[in-house]
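Computed from a predicted model, the values in this text were never measured in an experiment.
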Amino acid sequence: AFDPQQLFQAGFQLSFLVVLCIILIMPVFKKLEERWFAPDPLLAPHLRRQWHPVLRIPAWFCWETLLVSLAAWLGAIPLVAYYFNIFTPVSTPANLIAVPLCGLVLISNLSSLILAGWFPWGAEVFNNAGWQLMDWIRLSSDWFARWPKAYWYVSATRFYGSALYYALFIGLCTG
């Protein structure tokens with residue numbers, strides 16, 4: 001209501017459509033996950049292979065990050081093609097590194113803000129840590145961008161093509 005022109009900006013549209021697509025597709029991914037990784041009902045519980053507890057949490061985190069990144073990428077394809085004329089299949093694996101690093105950057109910067117008033121030396125340490133983490137994000141993004149077929153340029157999608165994509169997407173996700 002404050003600035004209705006925001007509705008027509010790429011960042012606004014990408015943010016809301018990507019979040020909507022994540023909300024819609026994650027239940028579908030979860031159902032597929034349950035089906036694919038369900039234990040064999042004919043195998044006794046004590047004979048089922050279990051993940052080691054030390055590996056279970058990192059594996060779950062990587063799997064969830066992969067699914068959310070895939071959902072975000074699927075939701076962004078038409079808008080990214082429309083606004084930036086690019087198709088980036090490498091973005092999902094790249095997010096396996098970038099998303100956790102971005103979380104660490106936010107934690108580092110928030111820690112710096114908390115410490116700035118009464119412990120400036122600690123704030124400086126967290127600022128430098130945040131800078132280093134952001135540099136790692138840049139380096140990993142450059143590395144993924146150099147992969148063969150990491151991206152290619154496409155012509156801008158038309159409104160009707162994007163509308164059809166999202167209609168099919170929503171239809172498949174919601175049944």
Side-chain angles (χ1 to χ4, degrees), residues 1-37 56-114 129-131 133-145 147 149-175:
F2 177 71
D3 186 10
Q5 290 294 86
Q6 290 282 327
L7 292 171
F8 304 103
Q9 293 184 1
F12 180 89
Q13 292 174 4
L14 278 167
S15 296
F16 280 90
L17 272 173
V18 165
V19 170
L20 175 66
C21 290
I22 289 171
I23 290 169
L24 290 175
I25 202 167
M26 284 308 290
V28 175
F29 282 168
K30 288 308 214 178
K31 286 180 186 174
L32 289 173
E33 175 185 33
E34 289 172 7
R35 188 179 309 149
W36 289 342
F37 297 117
R56 188 176 301 134
I57 291 174
W60 174 82
F61 178 77
C62 289
W63 179 250
E64 291 293 315
T65 303
L66 179 74
L67 290 180
V68 171
S69 296
L70 180 60
W73 176 68
L74 289 172
I77 290 173
L79 283 178
V80 170
Y82 177 75
Y83 284 112
F84 306 111
N85 298 89
I86 196 166
F87 179 72
T88 57
V90 78
S91 62
T92 298
N95 279 339
L96 285 175
I97 294 173
V99 169
L101 286 176
C102 286
L104 292 174
V105 167
L106 289 172
I107 291 169
S108 181
N109 291 339
L110 181 60
S111 300
S112 174
L113 284 172
I114 291 170
W131 177 87
L133 291 165
M134 287 186 279
D135 195 44
W136 290 349
I137 294 168
R138 182 189 59 80
L139 291 172
S140 69
S141 297
D142 289 343
W143 181 71
F144 279 106
W147 281 18
K149 304 290 183 189
Y151 62 92
W152 55 86
Y153 294 102
V154 295
S155 60
T157 58
R158 306 245 186 249
F159 172 77
Y160 297 111
S162 295
L164 178 63
Y165 177 89
Y166 286 117
L168 289 172
F169 185 88
I170 291 170
L172 288 172
C173 291
T174 61

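Here the CD1-OG distance, from Ile77 to Ser91, works out to 8.0 Å after rounding to the nearest 0.5 Å. From Asp135, atom CG reaches atom OG of Ser140 across 10.0 Å, with rounding to the nearest 0.5 Å. To the nearest 0.5 Å, atom CG of residue Leu104 and atom CG of residue Asn109 are 11.0 Å apart. Distance check: Thr65 OG1 to Asn95 CG gives 9.0 Å after rounding to the nearest 0.5 Å. Expressed to the nearest 0.5 Å, how far CG of Leu168 lies from CG of Leu164 amounts to 4.5 Å. In this structure, the separation between CH2 on Trp73 and CZ on Phe87 is 4.0 Å, given to the nearest 0.5 Å.
The only option from Leu139, Ile97, Thr88 that meets the side-chain contact (heavy atoms from CB on, under 4.5 Å) definition with Phe144 turns out to be Ile97.
The shortest non-hydrogen separation linking Ser162 to Pro78 is OG-CB, 3.6 Å. Nearest heavy-atom pair, Ala81 versus Val154, reported as atom, atom and distance to 0.1 Å: CB-CG2, 3.8 Å. When every heavy atom of Pro93 is checked against every heavy atom of Trp147, the shortest pair comes out as CG-CZ3, 4.3 Å. Contact between Val99 and Ser69 at its shortest, heavy atoms only, is CG2-OG, 4.4 Å. Between Leu67 and Phe29 the shortest heavy-atom distance is O-CE1, 3.5 Å. Annotation for Ala129 and Ser108: closest pair CB-OG, 3.7 Å, computed over non-hydrogen atoms.
Counting heavy atoms of neighbouring residues, nucleotides and ligands inside a 6.0 Å radius, atom CH2 of Trp36 does not exceed 12 of them.
Looking at Trp143, its side chain never comes within 3.5 Å of a backbone N or O of Ala94 through a donor-acceptor pair. With Ser111 contributing its side chain and Ile107 its backbone, the two residues share a donor-acceptor pair below 3.5 Å.
At least one side-chain heavy atom of Val80 sits under 4.5 Å from a side-chain heavy atom of Leu14. No side-chain heavy atom of Cys21 sits under 4.5 Å from any side-chain heavy atom of Leu74.
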Stepwise side chain to side chain contact (heavy atoms under 4.5 Å, CB included) check, Leu66 with Leu70: CA-CA 6 Å; Leu66 179 74; Leu70 180 60; 5.5 Å; no

Residue pair Glu33, Lys30: steps toward the salt bridge (Lys or Arg N to Asp or Glu O under 4.0 Å) verdict: CA-CA 5 Å; Glu33 175 185 33; Lys30 288 308 214 178; 2.9 Å; yes

Worked check of side chain to side chain contact (heavy atoms under 4.5 Å, CB included) between Leu7 and Phe12: CA-CA 6 Å; Leu7 292 171; Phe12 180 89; 3.2 Å; yes

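With sequence neighbours excluded, the residues forming a side chain to side chain contact (heavy atoms under 4.5 Å, CB included) with Ser112 are Ala123, Phe126, Asn127, listed by chain and number. With sequence neighbours excluded, the residues forming a side chain to side chain contact (heavy atoms under 4.5 Å, CB included) with Leu24 are Leu20, Ile170, Cys173, Thr174, listed by chain and number.
Classification of the Phe169-Tyr166 ring pair by plane angle, with boundaries at 30° and 60°, yields perpendicular.
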